[in-house]
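Structure record follows, encoded as structure tokens.
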Amino acid sequence: MKIATYNVNGVNGRLPVLLRWLKETAPDVACLQELKAPPEKFPEQAITDAGYEAIWHGQKSWTGVAILSKIGKPQELRRALPGDPDDVNSRYIEATVNGILIGCLYLPNGNPAPGPKFDYKLSWFKRLHAHAKDLLAQDIPVVLVGDYNVMPTELDVYKPESWVNDALFLPEVRDAFKKLVAQGWTDAIRTLHPGEKIYTFWDYFRQAYNRNAGLRIDHFLLSPHLEKRLKAAGVDKEVRGWEKSSDHAPVWIQLDK
DNA sequence: ATGGCCGAGGTACTCGGA
């Protein structure tokens with residue numbers, strides 16, 4: 001079973017790229033972030049025609065997450081992180097597919113830091129910690145996947161020294177990620193590729209992709225049940241070089257069964 | 001230190017992104 005994640009940066013503006021990627025790489029499940037579309041503007045027909053059933057949590061202008069599957073419709077469990085009923089951003093959707101609980105998330109960017117946006121990022125992280133702990137306690141196969149907006153270590157940034165004051169790399173944020181993983185999760189990409197320079201995002205500015213000035217901010221966290229089934233993981237880097245690409249590249253894992 | 005590039009909304013320019 002192959003599960004992928006892709007921050008599309010606009011699901012409608014990205015539709016040709018998204019459909020081509022789905023066709024060429026054929027993930028069983030695809031988690032999308034940054035739909036940038038209200039619910040009624042989700043391109044359901046095109047997704048259906050591509051062979052996928054989908055659930056989505058959209059919102060006007062910003063954010064938005066979706067789970068696509070071609071091995072049975074995702075059975076939705078929730079469409080927000082618990083802990084703050086006033087949080088109106090569509091940044092989380094959760095479903096089971098083929099016996100796996102999939103949490104598709106889009107963690108807040110947090111810039112500028114310090115400030116209210118950074119506080120929001122940290123509080124969102126706190127809620128994620130609490131929910132992740134509950135999921136682990138259920139002792140079931142879980143993947144928490146998506147755009148975490150965190151480079152966990154210096155290896156995950158092309159030029160660490162220029163990001164030290166950024167909300168994606170500040171010590172509090174790296175620490176929050178580290179504590180989350182320490183609950184008992186496995187960072188799939190890093191576990192299979194230790195010491196390797198791997199990026200999932202390249203800025204639109206300054207020829208970042210051509211210079212390979214990238215960041216690793218899209219992550220798969222696996223519960224112990226899934227860690228045992230992890231066979232391969234990687235980044236569809238070439239997609240970032242396609243015409244009208246997102247600034248992120250898709251990331252995927254291959255599981256046994 | 002700054003600005004460079006994008007998508008969306010709405011139809012000029014701002015905002016959010018990372």
Side-chain angles (χ1 to χ4, degrees), chain A residues 5-21 31-43 46 56-66 87-92 104-122 124-125 145-174 176-177 189 197-219 235 237 239-251:
Chain A
T5 184
Y6 188 16
N7 179 322
V8 290
N9 188 11
V11 71
N12 287 303
R14 202 68 56 220
L15 196 54
V17 168
L18 173 63
L19 295 175
R20 179 183 166 193
W21 168 70
C31 298
L32 308 182
Q33 302 86 33
E34 262 200 279
L35 302 179
K36 289 189 173 178
E40 67 276 13
K41 292 275 182 65
F42 184 82
W56 62 94
H57 184 198
Q59 181 173 27
K60 196 178 173 184
S61 305
W62 323 117
T63 69
V65 285
D87 183 2
V88 294
N89 284 328
S90 42
R91 296 184 174 276
Y92 187 79
C104 170
L105 65 98
Y106 174 42
L107 215 130
N109 174 306
N111 278 307
K117 291 187 174 181
F118 191 62
D119 296 340
Y120 174 56
K121 180 176 196 169
L122 292 179
W124 209 93
F125 235 131
V145 56
D147 180 357
Y148 280 76
N149 271 317
V150 182
M151 295 86 89
T153 70
E154 297 205 337
L155 181 59
D156 304 310
V157 200
Y158 67 100
K159 193 180 174 188
E161 62 272 24
S162 58
W163 288 84
V164 286
N165 293 316
D166 192 279
L168 279 68
F169 200 52
L170 277 167
E172 298 100 300
V173 171
R174 275 187 270 171
F177 186 83
I189 290 274
K197 209 161 70 173
I198 296 176
Y199 302 138
T200 67
F201 167 92
W202 296 262
D203 216 309
Y204 286 124
F205 307 154
R206 305 187 209 100
Q207 297 266 307
Y209 182 64
N210 293 330
R211 296 187 295 119
N212 197 26
L215 311 172
R216 190 174 75 95
I217 55 178
D218 300 273
H219 307 297
V235 180
K237 187 179 174 182
V239 176
R240 177 61 182 85
W242 292 356
E243 186 102 7
K244 297 278 282 176
S245 162
S246 168
D247 38 9
H248 294 249
V251 188

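Letters A, B, ... mirror the listed sequences (proteins, then strands); counts begin at 1. All heavy atoms count here, side chains included; hydrogens, waters and symmetry mates do not.
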What contact category does [X] fall into here, base, sugar-phosphate, or nothing, at under 4.0 angstrom with non-hydrogen atoms?
X: Lys121(A); value: nothing
X: Asp147(A); value: sugar-phosphate
X: Tyr106(A); value: sugar-phosphate
X: Asn89(A); value: nothing

Tell me the interatomic distance from [X], atom [atom1], to [N], atom [atom2], rounded to whole angstroms.
X: Phe118(A); N: dG17(B); atom1: CZ; atom2: P; value: 14 Å
X: Leu168(A); N: dG16(B); atom1: CG; atom2: P; value: 16 Å
X: Phe201(A); N: dG16(B); atom1: CZ; atom2: C1'; value: 12 Å
X: Gln33(A); N: dG16(B); atom1: CD; atom2: C1'; value: 16 Å
X: Arg91(A); N: dG16(B); atom1: CZ; atom2: C1'; value: 10 Å

Whether Tyr148(A) and His219(A) hold their rings parallel, tilted or perpendicular, with breakpoints at 30° and 60°: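 Judged by the thresholds at 30° and 60°, the geometry between Tyr148(A) and His219(A) is tilted.
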Heavy-atom neighbours of Glu172(A) CD exceed 12 at 6.0 Å: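 For Glu172(A), atom CD is crowded (more than 12 foreign heavy atoms under 6.0 Å).
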More than 12 heavy atoms of other groups within 6.0 Å of Asn165(A) CG: no
Polar contact flag, side-chain donor to acceptor under 3.5 angstrom, Lys117(A)-Asn111(A):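 No, because no side-chain N or O of Lys117(A) sits under 3.5 Å from a partner of the opposite role on Asn111(A).
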Side-chain donor-acceptor contact under 3.5 Å, Asp87(A) with Tyr92(A):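 No - no donor-acceptor pair under 3.5 Å links their side chains.
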Side chain to side chain contact (heavy atoms under 4.5 Å, CB included) between Phe125(A) and Leu107(A), intermediate numbers included: CA-CA 8 Å; Phe125(A) 235 131; Leu107(A) 215 130; 3.8 Å; yes
What interatomic distance, in whole Å, is found between [atom1] of [M] and the corresponding atom of [N]?
N: dG17(B); M: dA12(B); atom1: P; result: 26 Å
N: dA8(B); M: dG3(B); atom1: P; result: 25 Å
N: dA1(B); M: dC6(B); atom1: C1'; result: 23 Å
N: dC5(B); M: dT11(B); atom1: P; result: 25 Å
N: dT2(B); M: dG7(B); atom1: C1'; result: 23 Å

Closest approach of His248(A) to Tyr6(A) (non-hydrogen atoms, all atoms of both residues):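 For His248(A) versus Tyr6(A), the nearest heavy atoms are O-CE1, 3.5 Å.
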Protein-to-nucleotide contact annotation, 5' to 3' order, nucleotides 5-12 of chain B [B base; S sugar-phosphate only; - none; under 4.0 Å, heavy atom]: BSBSSS--
